[in-house]
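To keep things clear, I will list the structure first and then write my remarks on it.
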2 protein chains.
Amino acid sequence: MNIEQVTDGELSILEVIWEQEAPTSRDIAAANYKQVNDSKMASVQKLLERLEAKGCVGRDRRERAHRFHALVSREDFLHDRLRALANRLYDGSIAPLVTTLLRSKGLSKKNRNQLRELIDELWPSEK
Amino acid sequence: MNIEQVTDGELSILEVIWEQEAPTSRDIAAANYKQVNDSKMASVQKLLERLEAKGCVGRDRRERAHRFHALVSREDFLHDRLRALANRLYDGSIAPLVTTLLRSKGLSKKNRNQLRELIDELWPSEK
DNA sequence: AATCAACATAGACAGACCGTCTGTCTTTGC
DNA sequence: GCAAAGACAGACGGTCTGTCTATGTTGATT
């Protein structure tokens, strides 16, 4: 399950799989390209093949047109990327990431209250 | 200031600049390679040149051996990467990043208390 | 059964990227 | 003036990545 080396183009494929339920390669191509032709289809297949090799996508071959499902969730993906960042920049410590996010704009009041609740929910004993 | 397209090799250069005070290219090479030779020196210079072009590094030419300083802090860098992640995966929303980090292991009890304090410090009125 | 469309698969490709390396010029110190 | 060290320009080789072509395979239609 090699999330780290998922390409930008591959990620576009993944996102469609996350949003749709067991799409075929044609469904994915239709979601990613305005105009789908044979070579675009082949591109999608190639990206799917690589995603499968990286263990991020599974394939159901029962139907003529294979149906694809994610073996890695959007949350898994995010988690992995965040960890990679922490490893690279802060020797694995994730606290700097949290504080940076909390300090950045874009958190609504509602979000902040949700975060407080989340902290209390995850570690109630420390309340 | 084009942080997004900073390469892995370039980041290694940046990290030395973050840690040292106004290093020369030789200082940087020494920190990155066990054994420094002419071509390694040239590699470092090339990476510095590209970092300068991307606006991430500044150069003081007064001395014979130029001295380099960061125009982008480690925190800037992190912030940019986090934002890119949020944009790509969650349409710019950063709340999912925070919750994912809070849910992940690696936060000590001390860290958690610090986070609570940080929230209270940033938004005291909501206490 | 013959045909044809749709999909899967293999392979190659161009362009870009990136760290490396070579060579040349300039500056500094002795 | 000479040698050492640095700056700089340019090119390179390997790799990556999305695209494209070609071929094989399956399933449906007549």
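Since the model is a prediction, treat every value here as computed from it, not as a measurement. Each chain gets a letter, A, B and so on, in the order the sequences are listed, and its residues count up from 1.
A/Glu10 places a side-chain N or O within 3.5 Å of a backbone atom of A/Thr7 that can act as its donor or acceptor partner. Formation of a donor-acceptor pair under 3.5 Å by the B/Arg81 side chain with backbone atoms of B/Ile3 is found in this model. Of the possible donor and acceptor atoms, none in the side chain of B/Arg67 sits under 3.5 Å from a partner among the backbone N and O of B/Pro23.
Remark: B/Arg61 is not in phosphate contact with D/dA7, judged by side-chain N or O atoms under 4.0 Å from OP1 or OP2. Contact check, B/Arg26 against D/dA4: no side-chain N or O comes under 4.0 Å of OP1 or OP2. OP1 or OP2 of C/dA8 lies within a sub-4.0 Å distance of a side-chain N or O belonging to A/His66. Contact annotation: A/Gln45 side-chain N/O to C/dT9 OP1/OP2 distance is not under 4.0 Å.
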> Using a cut-off of 4.0 Å between protein heavy atoms and nucleotide atoms, how would you tag nucleotides 19-27 of chain C 5' to 3' with B, S and -?
Replying inline: BBBB---BB

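Checking A/Val6 against B/Ala65, the closest nucleotide of DNA chain D that is more toward the 5' end is the one next to B/Ala65.
Going from atom CZ of A/Phe68 over to atom P of C/dC7 covers 11 Å, rounded to whole Å. Separating the CD atom of B/Glu49 from the P atom of D/dA9 is a distance of 6 Å, rounded to the nearest angstrom. In this structure, B/Asp27 atom CG and D/dG6 atom C1' are separated by 13 Å, rounded to whole Å. When the P atom of D/dG6 is taken as reference, atom CZ of B/Arg62 falls 19 Å away, rounded to whole Å. Distance CD (A/Glu63) to P (D/dG27): 11 Å, rounded to an integer number of Å. One atom, CD of A/Gln35, and another, P of D/dC20, lie 12 Å apart when rounded to the nearest Å. Distance A/Arg67 CZ to C/dA8 C1': 15 Å, rounded to the nearest Å. Note: CD (B/Glu4) to C1' (C/dC17) measures 17 Å, nearest angstrom.
Residues B/Glu75 and A/Arg103 are not paired through a salt bridge, judged by the lack of any N-O separation under 4.0 Å between the basic side chain and the carboxylate. Remark: A/Glu63 does not engage A/Arg26 in a salt bridge, criterion side-chain N to carboxylate O under 4.0 Å.
Counting heavy-atom neighbours within 6.0 Å of A/Asp91 CG, excluding the residue itself, gives a total of 12 or less.
In this structure, A/Thr24 reaches neither bases nor backbone, as no heavy-atom distance under 4.0 Å exists between it and the strands shown.
Residues passing the side chain to side chain donor-acceptor pair (under 3.5 Å) test with B/Arg88, sequence neighbours excluded: A/Ser12, A/Glu15.
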